[in-house]
Amino acid sequence: MPIYCITGANRGLGLEFVRQLASSPENTVLATSRSVSPADLGDLRSAASATTHILECDVGSLESIGSFAREAARILDGRKVDFLVNNAGVNLQSSRSSLEIDPETLYDQVRINVVGPAKIVESFAGAGMLSADVRVVNLTSGLASMGVSLGISPRKCAAYSISKAGLNMLTVHQSGDLRTKFPGAVAIVIDPGWVKTRLGGEGAILEPEVSIGGMLKVIHGLGKDDNGKFFSYQGDEIPW
């Protein structure tokens, strides 16, 4: 029975990950939410199965990440995570260009979009909670690609793009570092596309079920040679 960990699962892409994964009784899912108040968990509880565990984790808080990792270890009780999907993230002040960046907003996005995934993987690896063939999947954006961004006019979401480019580089390092402890590990970044979620905003064109269905196909098809690559939700490689 494969074990999945999905961060940011109470809405948007994370919720659709849980919905599709929970449809199979063979899957165990650790699904996180920044808040576990009843008002925030209605949709997630509806999507969850008997083998879905809903846990609190604010990926912008090191203390919260630590608490989450300890609770996950208790639930797993020696079992290992096969798929760790760092989905939680933010896109703040998306209308601002590189000539208008607010430092605090940029810091917040790096803290949540880069440091959070780094510390979650670090915590799980350090506690021995990752399988030898773990797939670490960090959700990025096409806007994090320098090659893609050079072709966009006007360019968009400067601070968000910078933070996701940082996540891309984090993943390159993870792809090498994880292999020293987990011989079959594969770490990738994947662009979900412009999806109709709250983060996607106005103009988004892709239905969540299409994006997640595509990403799960990519994730389940990963081989050792895919380590450190940048994929679209359709399985195409994206230029860095």
Side-chain angles (χ1 to χ4, degrees), residues 3-15 17-18 29-34 55-73 80-92 105-127 129-131 134-145 157 159-182 185-192 197 199 212 215 218-219 222 226-231 233 238 240:
I3 298 176
Y4 298 80
C5 176
I6 313 293
T7 66
N10 61 305
R11 60 182 177 84
L13 296 176
L15 177 63
F17 266 118
V18 173
V29 182
L30 305 180
T32 81
S33 174
R34 184 173 58 181
L55 303 174
E56 183 175 12
C57 182
D58 177 355
V59 299
S61 163
L62 296 182
E63 181 179 359
S64 182
I65 290 171
S67 297
F68 159 60
R70 290 188 292 272
E71 181 64 9
K80 312 292 185 181
V81 171
D82 301 293
F83 300 91
L84 175 52
V85 180
N86 284 304
N87 163 73
V90 293
N91 182 1
L92 307 173
T105 300
L106 177 58
Y107 298 155
D108 284 343
Q109 292 189 99
V110 170
R111 177 169 51 84
I112 294 167
N113 295 346
V114 184
V115 179
K119 301 308 283 188
I120 287 173
V121 173
E122 179 184 325
S123 297
F124 274 59
M129 291 193 289
L130 301 179
S131 73
V134 67
R135 275 33 181 164
V136 172
V137 180
N138 295 325
L139 263 66
T140 186
S141 168
L143 298 177
S145 164
C157 306
Y160 174 73
S161 300
I162 291 166
S163 71
K164 288 297 188 178
L167 178 66
N168 286 8
M169 181 56 77
L170 167 68
T171 308
V172 169
H173 281 266
Q174 288 174 335
S175 70
D177 296 338
L178 284 168
R179 284 278 176 94
T180 65
K181 297 185 67 172
F182 309 96
V186 173
I188 67 160
V189 283
I190 192 164
D191 172 20
T197 64
L199 189 148
I212 300 305
M215 285 194 286
V218 173
I219 292 165
L222 290 172
D226 294 319
N227 193 31
K229 291 184 177 180
F230 185 175
F231 290 103
Y233 75 95
I238 297 177
W240 293 104

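Note: hydrogens, waters and symmetry copies are ignored here, and every other heavy atom, side chains too, is used. Along the sequence shown, residues carry numbers from 1.
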Looking only at heavy atoms, what is the nearest atom pair of [X] and [Y], with distance?
{"X": "L222", "Y": "R135", "result": "O-NH2, 3.0 Å"}
{"X": "Y233", "Y": "P192", "result": "CD2-O, 3.5 Å"}
{"X": "G228", "Y": "W240", "result": "O-CZ2, 3.2 Å"}
{"X": "E56", "Y": "F68", "result": "O-CB, 3.6 Å"}
{"X": "N138", "Y": "N86", "result": "OD1-ND2, 2.8 Å"}
{"X": "S131", "Y": "F182", "result": "O-CD2, 3.6 Å"}

Measure the spacing between [atom1] of [X] and [atom2] of [Y] and express it to the nearest 0.5 Å.
{"X": "I120", "Y": "L62", "atom1": "CD1", "atom2": "CG", "answer": "10.5 Å"}
{"X": "F124", "Y": "L130", "atom1": "CZ", "atom2": "CG", "answer": "7.5 Å"}
{"X": "R34", "Y": "S61", "atom1": "CZ", "atom2": "OG", "answer": "11.0 Å"}
{"X": "N91", "Y": "T105", "atom1": "CG", "atom2": "OG1", "answer": "11.0 Å"}
{"X": "S175", "Y": "K229", "atom1": "OG", "atom2": "NZ", "answer": "11.5 Å"}
{"X": "L170", "Y": "H173", "atom1": "CG", "atom2": "NE2", "answer": "8.0 Å"}

Determine, stepwise, if the pair R179 / V186 fulfils side-chain contact (heavy atoms from CB on, under 4.5 Å). CA-CA 8 Å; R179 284 278 176 94; V186 173; 4.1 Å; yes
Check: [Y] and [X] side chains under 4.5 Å, non-hydrogen atoms:
{"X": "L139", "Y": "M215", "result": "yes"}
{"X": "I190", "Y": "V218", "result": "yes"}
{"X": "V114", "Y": "K164", "result": "no"}
{"X": "Y4", "Y": "I219", "result": "no"}
{"X": "F83", "Y": "I6", "result": "no"}

For atom NZ of K119, decide whether the heavy atoms of other residues, nucleotides or ligands shown that lie under 6.0 angstrom number more than 12. no
CA sep, side-chain torsions, deciding dist, call: F231, V137, side-chain contact (heavy atoms from CB on, under 4.5 Å): CA-CA 10 Å; F231 290 103; V137 180; over 6 Å; no
Please answer whether the main-chain N or O of [Y] pairs with a side-chain N or O of [X] as donor and acceptor at a distance below 3.5 Å.
{"X": "T180", "Y": "G176", "answer": "no"}
{"X": "T140", "Y": "N168", "answer": "no"}
{"X": "T32", "Y": "G8", "answer": "yes"}
{"X": "N87", "Y": "T7", "answer": "yes"}
{"X": "D82", "Y": "V134", "answer": "no"}

Apply the test side chain to side chain donor-acceptor pair (under 3.5 Å) to residues N113 and S163: give CA-CA distance (whole Å), side-chain angles for both, the deciding distance (0.1 Å), then the verdict. CA-CA 6 Å; N113 295 346; S163 71; 3.0 Å; yes
Per the side-chain contact (heavy atoms from CB on, under 4.5 Å) rule, which among I3, V85, V18 passes with V29? V18
Determine, stepwise, if the pair L178 / V121 fulfils side-chain contact (heavy atoms from CB on, under 4.5 Å). CA-CA 9 Å; L178 284 168; V121 173; 4.0 Å; yes
